[in-house]
Novice: 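Attaching a single structure in structure tokens format; questions to follow.
Quick note: numbers below take in every heavy atom, side chains included, and nothing from hydrogens, waters or symmetry partners. Predicted, not measured: the structure shown is a model, and the values here were computed from it. Sequence positions, counted from 1, serve as the residue numbers for this chain. Order of appearance sets the numbers: ligands from 1, and atoms from 1 within every ligand.
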Amino acid sequence: MILWGRPTSVNVQKVLWALDEFGLTYDHRVVGGKYGGLDDPVFAALTPVRRVPVLQDGAVAVWESHAVLRHLARRHPDHPLGAPMADTDRAARTDPWLEFGATTLQPPFIGLFWQLVRMRPEERDAGSMTRHKAALAEALDIIERGLGDGRQMLAGDEFGIADIGLGSLMFRLTDIAPDLVEARPHVMAWHQRLRARPAFQRHIETSYAELRAPGT
Ligand SMILES: N[C@@H](CCC(=O)N[C@@H](CS)C(=O)NCC(=O)O)C(=O)O
């Protein structure tokens, strides 16, 4: 397998974390951001969006980070992370979280991250930051309710690919908006459980200094 994508991308980090949890080996091609390469013909032939991550697995190239997580699960139905996705009823507890992560949690997270990390203070827009924080608070309330029945992880008590898809945002989110996380005890406890995983420490809790706007 070949994983394409810079490790500072949160979407690439999801895949790095998942590959590590599945115990898989792969070649890593660092492209995107300051490394460039997204318009190179070899990479461009793999994905119409020309964004990272892309996972080349034999004859297929999978793009969209959550599609990659599902692909790995389907490829390894006997692994504890893959088994739930091989069972329609169990998959139905995971899929909504992955969709919710991509459509509802991640967009305001990316918006706030860009404002606070990737833009210089003079470029920031207070109204936009307020809107992103409000949307994030609503999304985190939903996770808080989801975890409120005492379950350990998003789709039940077992760690799964939904925890990877959404949990990968928690390190940076806690950095840029600690108040949003600290106000939600179930979200905080879930994050702490993820932090105990060595693969989380290796791939998620990493510096994003290279993404900072000059002078910030
Ligand atoms: N929805 C896509 C988003 C992909 C995406 O926007 N990737 C960003 C990095 S997080 C990218 O390729 N940006 C261009 C770059 O890194 O140069 C996914 O989940 O994979």
Novice: What pair of heavy atoms forms the shortest contact from Ser207 to Thr8, and how long is it?
Specialist: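 Shortest heavy-atom separation between Ser207 and Thr8 comes out as O-CG2, 4.3 Å.
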
Novice: Tell me the protein heavy atom at minimum distance from atom 7 (N) of ligand 1, and give that distance in Å.
Specialist: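 Sorting protein heavy atoms by distance from atom 7 (N) of ligand 1 puts Val52 O, 2.8 Å first.
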
Novice: Between Lys14 and Glu21, does any NZ, NE, NH1 or NH2 come within less than 4.0 Å of an OD or OE carboxylate oxygen?
Specialist: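 Here Glu21 does not pair with Lys14 in a salt bridge, since their nearest N and O are not under 4.0 Å apart.
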
Novice: So between Gln106, Gln13, His66, Arg51, whose heavy atom ends up nearest atom 8 (C) of ligand 1?
Specialist: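 The option holding the nearest heavy atom is Arg51.
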
Novice: Examine Gly32 against ligand 1 and note whether any of their N/O atoms are separated by less than 3.5 Å.
Specialist: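 No: no nitrogen or oxygen of Gly32 is under 3.5 Å from one in ligand 1.
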
Novice: Taking the basic N atoms (NZ, or NE/NH1/NH2) and the acidic carboxylate oxygens, is any pair closer than 4.0 Å for Asp179 and Lys133?
Specialist: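 Counted as a salt bridge, because a side-chain N and a carboxylate O are separated by less than 4.0 Å.
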
Novice: Name the closest protein heavy atom to atom 3 (C) of ligand 1, giving the residue it belongs to and the distance to 0.1 Å.
Specialist: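 That would be Asn11 ND2, 3.6 Å.
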
Novice: Suppose we measure from atom 18 (C) of ligand 1 to each protein heavy atom; which comes out shortest, and what is that distance?
Specialist: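 That would be Ser65 N, 3.3 Å.
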
Novice: Check whether any side-chain heavy atom of Met1 sits under 4.5 Å from a side-chain heavy atom of Arg75, and report yes or no.
Specialist: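 A side-chain contact is absent here, since even the closest heavy-atom pair is not under 4.5 Å.
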
Novice: Does the N or O separation between Val10 and ligand 1 drop below 3.5 Å for any pair?
Specialist: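 No - when backbone and side-chain N and O of Val10 are compared with those of ligand 1, no distance drops under 3.5 Å.
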
Novice: Given side chains that start at C-beta, do those of Val60 and His71 come closer than 4.5 Å, heavy atoms only?
Specialist: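 Of all side-chain heavy-atom pairs linking His71 with Val60, at least one is under 4.5 Å.
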
Novice: Indicate the ring-plane relationship of Phe159 and Trp17, choosing parallel, tilted or perpendicular according to the 30° and 60° boundaries.
Specialist: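 Rings of Phe159 and Trp17: tilted, as their planes differ by 30° to 60°.
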
Novice: Can you tell me how far apart CD1 (Ile143) and CE (Met170) are? Round to the nearest 0.5 Å.
Specialist: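 CE of Met170 is found 7.0 Å from CD1 of Ile143.
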
Novice: Answer with yes or no whether the side chains of Gln106 and Asn11 bring together a donor and an acceptor at under 3.5 Å.
Specialist: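 Asn11 vs Gln106: donor-acceptor pair found between side chains.
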
Novice: Hey, which atoms in ligand 1 end up nearer than 4.0 Å to a heavy atom of Pro53?
Specialist: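 It comes down to these atoms of ligand 1: 20 (O).
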
Novice: Less than 3.5 Å between some nitrogen or oxygen of Lys14 and one of ligand 1, yes or no?
Specialist: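 N/O-N/O distance under 3.5 Å: no.
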
Novice: Going by the closest heavy atom to atom 14 (C) of ligand 1, which one wins out of Leu69, Leu38, Ile110, Val62?
Specialist: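 When every heavy atom of Leu69, Leu38, Ile110, Val62 is considered, Leu38 comes closest to atom 14 (C) of ligand 1.
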
Novice: Quick one: which of Pro107, Gly33, Ser9 has a heavy atom closest to atom 10 (S) of ligand 1?
Specialist: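 Minimum heavy-atom distance to atom 10 (S) of ligand 1 goes to Ser9.
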
Novice: Considering only non-hydrogen protein atoms, determine which one is nearest to atom 1 (N) of ligand 1 and report residue, atom name and distance to 0.1 Å.
Specialist: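 Ranking protein heavy atoms by distance from atom 1 (N) of ligand 1, first comes Glu64 OE1, 2.8 Å.
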
